[in-house]
There are 2 protein chains.
Amino acid sequence: MPAFCPRFHRAIELIGRRWTGVILRALRSGRCRFSEITEAVPGLSDRLLSERLKELEAEGIVERLVHPEFPVRVEYRLTEKGRALDQVMDGIASWAERWIDPEDAVSTADAEAAPVATAVSGANPR
Amino acid sequence: MPAFCPRFHRAIELIGRRWTGVILRALRSGRCRFSEITEAVPGLSDRLLSERLKELEAEGIVERLVHPEFPVRVEYRLTEKGRALDQVMDGIASWAERWIDPEDAVSTADAEAAPVATAVSGANPR
DNA sequence: TATAGTCGCTTACGATTGGTAAGCGGGGCC
DNA sequence: GGCCCCGCTTACCAATCGTAAGCGACTATA
């Protein structure tokens with residue numbers, strides 16, 4: 001096995017970008033509208049969701065469908081390439097279930113969802 | 001399936017941080033010394049490798065062994081928790097092999113490995 | 001007519017993180 | 001002494017992220 005593979009590198013840097021993984025998971029779980037995703041993923045802002053979705057669309061992992069109805073409805077769907085990531089996502093989920101301490105995970109999610117009073121006062125947090 | 005799972009989130013943001021994936025792959029392929037990893041991964045700097053290894057050690061994914069020999073030899077190894085990621089890594093590798101265009105990947109790696117003549121010269125006023 | 005609200009973005013700006021280069025400590029080697 | 005090696009650490013600047021606000025097309029309410 002080679003120590004470095006450009007394709008592997010590109011793949012993991014792509015799906016590993018901030019929020020990308022959770023966005024793909026939300027899409028897979030049936031959330032397909034912009035606002036459904038922001039609601040489903042605590043801490044994720046409009047700006048980043050928009051940015052990530054554009055990247056994923058450019059990569060051919062999701063496709064964007066615009067329904068020119070009432071308040072413009074936009075639907076995002078996994079392409080075949082995107083659905084091919086399901087087993088990867090499942091693998092990560094299994095690993096997380098076995099090895100990630102739920103409390104760590106919760107505190108992380110909280111910190112992202114509600115970084116209320118923490119950041120301002122720190123003396124020199126690193 | 002829930003749209004959001006804190007443990008999944010934490011897991012993917014952890015292994016998805018910049019360089020983390022390729023570092024783990026390098027470790028798995030037998031490179032275990034600091035300098036072996038920097039050599040194996042084009043574009044990865046000392047600073048980031050050091051930072052990522054510290055994080056991975058703190059997470060219990062790699063362990064650090066110091067051999068007080070000649071020029072201090074430091075060995076990094078995957079723990080059980082780290083080795084449990086093998087199937088995830090394999091899944092990503094398979095996906096990449098099927099879906100990532102080698103040329104895209106090469107150009108990406110090149111850009112990272114050899115920004116030789118581009119960056120140095122002027123004409124980059126912010 | 002005016003005001004307000006919805007959805008999906010986009011813009012602006014400060015805070016965090018990443019990349020590049022240089023230095024450092026402890027040893028051995030000439 | 002001066003110079004190399006390894007594994008970091010520090011310093012500095014650019015890229016990315018998080019927060020908040022605004023925008024365009026449209027409707028609903030008054």
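Note on naming: letters A, B, ... go to the chains in the order of the sequence lines (proteins, then strands), and numbering restarts at 1 for each one.
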Once you round it to whole Å, what is the distance between [atom2] of [N] and [atom1] of [X]?
X     : N      : atom1 : atom2 : result
B:R47 : D:dA14 : CZ    : P     : 15 Å
A:R73 : D:dT27 : CZ    : P     : 16 Å
B:L49 : D:dT9  : CG    : C1'   : 13 Å
B:E51 : C:dG19 : CD    : P     : 10 Å
B:I23 : D:dC8  : CD1   : P     : 12 Å

Start at the 5' end of DNA chain C and walk down; is the nucleotide closest to A:R33 or to B:S45 reached first?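 Comparing both residues, the 5'-ward one is A:R33.
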Is A:K54 paired with A:E51 through a side-chain N to carboxylate O contact shorter than 4.0 Å?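 No, A:E51 and A:K54 are not salt-bridged.
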Charged N to carboxylate O under 4.0 angstrom, A:R25 versus A:D86?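 No salt bridge links A:R25 with A:D86.
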[X] has a side chain; which of [options] sits nearest to it?
X     : options               : result
A:Y76 : C:dG18, C:dT17, C:dC9 : C:dC9
B:S35 : C:dG19, D:dC6, D:dT9  : D:dC6
A:V74 : D:dC8, C:dG18, C:dC9  : C:dC9
A:S50 : C:dT10, D:dC8, D:dC17 : C:dT10

Roughly how far, to the nearest 0.5 Å, is CZ of B:F4 from CD1 of A:I37?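 Reported value, rounded in 0.5 Å steps: 13.5 Å.
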Can you list, in residue-number order, the parts of residues 53-71 of chain A that come under 4.0 Å of DNA chain C, counting heavy atoms only?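 The stretch gives A:K54, A:R64, A:P71 as the residues lying under 4.0 Å from the strand, ordered by number.
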Among residues at least two apart in sequence or on other chains, which ones pass side chain to side chain donor-acceptor pair (under 3.5 Å) with A:R77?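 So A:R77 forms a side chain to side chain donor-acceptor pair (under 3.5 Å) with A:E75.
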Answer yes or no: does atom CD of A:E69 have more than 12 heavy-atom neighbours from other residues, nucleotides or ligands under 6.0 Å?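 Atom CD in A:E69 is packed in, count exceeds 12.
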